[in-house]
Participant: 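Handing you a structure now.
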Amino acid sequence: MKFVIEGLTVYFPYEFIYREQYAYMVELKHALDARGHCLLEMPTGTGKTITLLSLITSYQLANPSLAKLIYCTRTVHEMEKVLDELRRLHLYQEKEIGSSRAKILALGLSSRKNLCIHPVVSSETSRESVDAGCRKLTASWVRAAAETNPDIETCSFYQGYEKQGSEQPLPPGVYTLHDLRVYGRQRGWCPYFLARQMIQFANVVVYNYQYLLDPKVSGIISKEMQKECIVVFDEAHNIDNVCIEALSVNLRQNNLDGASRNIHKLNQIISRFKETDANRLRQEYNRLVEGLAQQGNLHGSDNWLANPVLPEDILREAVPGNIRRAEHFVAFLQRAVQYLRERLDTDTVVKEGPVSFTTTMSTAAGLDQKALKFCYDRLHSLLLTLEVTEIDEFLHVQTVCNFLTLVGTYTRGFSIIIEPYDERMPHIPDPVLQLSCLDASLAIKPVFDRFQSVVITSGTLSPIDLYPRLLNFNPVIIHSFTMTLTRDCLCPMILARGSDQLPVSSKFDMRSDPGVVRNYGRLLLEMVATVPDGVVCFFVSYSYMDGIINSWNEMGILQEVMQHKLVFIETQDYVETTLALENFRQACDCGRGAVFFSVARGKVAEGIDFDRHYGRLVIMFGVPFQYTLSKILNARLEYLRDTFQIKEGDFLTFDAVRQAAQCVGRVIRSKADYGMMIFADKRYNLPNKRNKLPQWIQSQLREEHLNLSTDMAVHIAREFLRRMAQPSDPQVSKSTLLSQEDLEKMAAMPNF
Amino acid sequence: MEEEDKAPDMEAWERAYADDRSWESLIEDESGLLKAGDDVQQQRQHRRRLIQASGPRIQRGIIRYLCLILDFSRAAGEIDFRPSRMAVVAKAVEDFVREYFDQNPLSQLGIIVMKNGIASVVTELSGSPEAHIRALKSNLESFGEASLQNGLELAHTYVQHIPSYGHREVVIVFSALSTCDPGNILETVKKCKAARMKCSVVGLTAEIYICKHISQETGGSYAVAMNEGHLKEILLEHVPPPAAMPDASSASLVRMGFPQRGSEGAVAICACHKELRIGGGYICPRCRARVCELPTECSLCGLALVSSAHLARSYHHLFPIPTFDELLVDASLRGKSSFAGSCFGCRIQLSGGGSLRLRCPRCKRDFCFDCDVYIHESLHNCPGCETLQEEAVT
């Protein structure tokens, strides 16, 4: 349908629109009008994606000056979903205003691993090996050599793209990754490079967070984006963590060993070059005298990850003399690795700021800070000069250079923590040197500065006022929308006591109490006997999950659970977990019923949906606080307190509750769906936790669902399930929808 | 549920009343008498179901072969229905069986019970309600798991012997929340669909995906009982004959025999019990075999044996009386003579309120709610229309 919001004609591909979608559009439009950033929370299952797309593309139609919409998602799966929605919208727009006006070019961009169609390279398993495989076939010197020597293998798709694709852009339309691959196969063009090139012309670009937030990637992908872009971060509740990870580096023993091997190999290559092609090295030297390593236009297929520091911090000057010559630079790296190795060999935990770290580094090993800053670019230049294609083998030395550059560039917002072993397993020596970014606002600042409007949205952004402080920006609109429900299809409960009326909690001093373990076990047992199909349980950590499952096994609870439902467990292994999930779904499909044990903050909690019968109930055992003895967390808390005046307790609770909300939010993905959520910890009863839950959960959390014991929860669950099993009245569900006429009526009323 | 939280220690029998809150729906009328609830509202509720059920005139299958699969697994022993789910189910099924044969005398029914992971036959497909009820009552115990697949497979073997004009139906009463199957149940569902079995499920606890899947695939219905009364209600929804399946609609003649009752004192070997019986019984007109009950199939020559009364009783399903229209009592019309009338059936005054005013669309006569129910559910003839015909004849 088509309607007008404050003078803007909005095209919406469905016949009805939810009230909250309309409200969302209004707020979003205000933010776009004000050319500012906004923060919007709307529960999942209300059609956030289509609302966003519909308003922004309509806005683009009305304001052609707007360059493009950059839509950031977390996973490839989400990306495809967004593009599918967009396609539907596009078809509708074409129908409404004709294909000439509704011309749009939208595409997804992902790594080579997801886009490569080369028969051999695309069968590689890891991202790095696909990248390297591609480079081996497409690097400029490889192709130059192939011109004279036909035995050298190149990629026919890349050649095809080079020949024609670069001149003849993609016809307008919506392209998912799959479409790009199909199109690439048809034409014989490389979809990856085609997509990379086409994002300059596209109206809508859908890609991963990293492509904007991680300076290493955004430096090459998103450099050319105009200011008049609208950036959307969907599912952005963890955006601060993504920002931090983008600027953090961990070094372990094996990284350093690998780096040493790499350096050795580099030495060999250098000496070989000296004998055969000394001229090249001299040329490089001259280039470095003149300026930065990266000067001049590199060929598209040659560039790889850009500098890890933020764009405005990269020095535009000549590389210092002591690392200009290849062999000097390699020696410099060798000293650095040696120094890091010494630092890693320690019995105590060391915490340092970047300033003191670089100072001791320069006095102890003679590595000056200025040279450190250039490490990454210098290495990059060297690898190019040496025509190295197997960059996946040189990952370790890249990591080290990455570290050196970051530590040389930043003086605040970071901290260096060296731990000789993992706190939780003190017997196993596993030294790690962590450069951890403490300030989430660092990585996202260039995004806020560069683009006109940045929209941060998710189903769970509560408490919403903390995000502007964490990310250090001033949104023009902050709004949290609730869901209009046709029936009470959400049933959140707070369970504080077991059936023996003793409190349950995952608090550190209570969690190993057999009484609490048994009460949790009884809760699960009663619930699997009451709830059909899929049940999902979340625990606060892997170690806690292991412990409690062990005890349940000894108590015989697990065996009883298995009489009702099959049990599947998430492990840290990706393949194992995927397999477990697949079997879990199958067990739900064929009526056997299954329960999935998973961990808050794990892969499952973040990206997997348990909608419909796959998740009729989710139990959150305990409050998923972060591991509070972690040195990194403490450093971050300290930094937050000193810089942003955020109290430690506030941040910890905020983080724990948003994780819990994220976990329980997995079960409800649409309004037609229904599900129960049990928060099994007495601490959820406290107002400071409860009030931090998202609005849409709080509004369903009725007084009589607080402070329950197991038997009461079972009773409520039974009633709820029976009620939800009744066919819903289509007449009632219409009442939350607005039709074209309703909207026109509303528009006529001035004070809506 | 609020009651529940205030007094969690309430006994189960107390809770039944607390949940009901039957006292809240009591209404005092002008003369101080207590009346239970809002009559008109309840009447409307009742009629809504009727209207939904009737719909436009459709071809119905009146020769039905219904297989009732009961779940007597461990979950049937739960006591959230009192005294237990199993007892409640047995009672509801008893009512259902009686009602089923009352309304579908030409049809047959068989009972399968699932327990301990297997499905077993309680009664074969046959026409006698008492035999089913007796067999069911002697089979009341619950343990082990339920297996929908085994139940459906067993029902599927039944189906193979059913003549093609018969309507194959399965009604599953399911208490458990999961099914423990030996193989892939989805394959079995496909098989059932291919055999044109219409599988409906009545759940006792919650919506289960596989049940929904089965009913959707095979064109059946799925409902979950809220309480005992609701369970009975949704089970009884399966009593009226269903719409004929579209692909089964080729018209065909069915050979039937109308046996005569044997004379008292005649001694014959009964074909169904295979023993000597004295008196009673019916004699098959084709092969002269003696059978005990009607309707049945002659076990010697396979002829369907019915009595003419049975046929007549099934007849009304094919030509139902139209649902009556409710006339809204408008205040301005109340005084007028056209509204002052009384019920054509029982002569009760309709102007007083307390009952809906319903009008037959054919004869334009008004009826009260009670007569409406009687006409549609028992009489299957409209007195108004019948008198019209008589007048036309004379």
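Residue numbering restarts at 1 for every chain, and letters A, B, ... go by the order of the sequence lines.
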Participant: Quick one: which of B:Ala206, B:Ala176, B:Cys211, B:Ala223 has the most heavy-atom pairs under 4.5 Å with chain A, could you say?
Facilitator: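 The answer is B:Ala206.
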Participant: For A:Leu686, does the CG atom sit with more than 12 other heavy atoms under 6.0 Å from it, leaving out its own atoms?
Facilitator: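 Count over threshold, so yes.
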Participant: For A:Cys590 and B:Thr179, work out which heavy atoms get closest and say how close.
Facilitator: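 Scanning both residues completely, I find the closest heavy atoms to be O-CG2, 3.7 Å.
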Participant: Answer with side chain, backbone, both or neither: which region of B:Asn227 has an atom nearer than 4.5 Å to a non-hydrogen atom of chain A?
Facilitator: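 Neither part, no heavy atoms under 4.5 Å.
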Participant: Tell me whether A:Gln586 at atom CD has more than 12 heavy atoms from other residues, nucleotides or ligands lying less than 6.0 Å away.
Facilitator: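 Open.
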Participant: Looking only at atom types and distance, does a side-chain atom of B:Glu207 sit under 3.5 Å from a main-chain N or O of A:Leu721, one as donor and one as acceptor?
Facilitator: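 Side chain of B:Glu207 to backbone of A:Leu721, a donor-acceptor pair under 3.5 Å: no, none is there.
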Participant: For the residue pair A:Arg722 and B:His230, establish whether any side-chain heavy-atom pair is separated by less than 4.5 Å.
Facilitator: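 No - every pair of side-chain heavy atoms lies 4.5 Å or more apart.
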Participant: Of the non-hydrogen atoms in B:Ile210 and A:Asp589, which two are nearest, and what is the gap between them?
Facilitator: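 Residues B:Ile210 and A:Asp589, closest heavy atoms: CD1-O, 3.4 Å.
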Participant: Can you say whether A:Thr530 sits under 4.5 Å from chain B via the side chain, the backbone, both, or neither, judging by heavy atoms?
Facilitator: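 Answer is backbone: N, CA, C or O of A:Thr530 sit under 4.5 Å from chain B.
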Participant: Select one option (side chain, backbone, both, neither) describing which atoms of A:Ala587 are under 4.5 Å from chain B's heavy atoms.
Facilitator: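 For A:Ala587, no heavy atom lies under 4.5 Å from chain B.
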Participant: For a 4.5 angstrom cut-off between non-hydrogen side-chain atoms, does A:Arg718 reach B:Glu78?
Facilitator: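 Sidechains of B:Glu78 and A:Arg718: in contact.
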Participant: How close do A:Ala529 and B:Leu177 get, heavy atom to heavy atom, and via which atoms?
Facilitator: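 Looks like O-CD1, 3.1 Å.
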Participant: About how many Å separate CG of B:Leu148 and CZ of A:Arg592, when rounded to the nearest 0.5 Å?
Facilitator: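 Those atoms lie 12.0 Å apart.
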Participant: Taking atom NZ of B:Lys193 as the centre, report whether more than 12 heavy atoms of other residues, nucleotides or ligands fall under 6.0 Å from it.
Facilitator: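 Incorrect, the count does not exceed 12.
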Participant: Examine whether an atom of B:Ile208 lies under 4.5 Å from a heavy atom of chain A, and if so say whether it belongs to the side chain, the backbone or both; otherwise answer neither.
Facilitator: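 Both parts, backbone and side chain.
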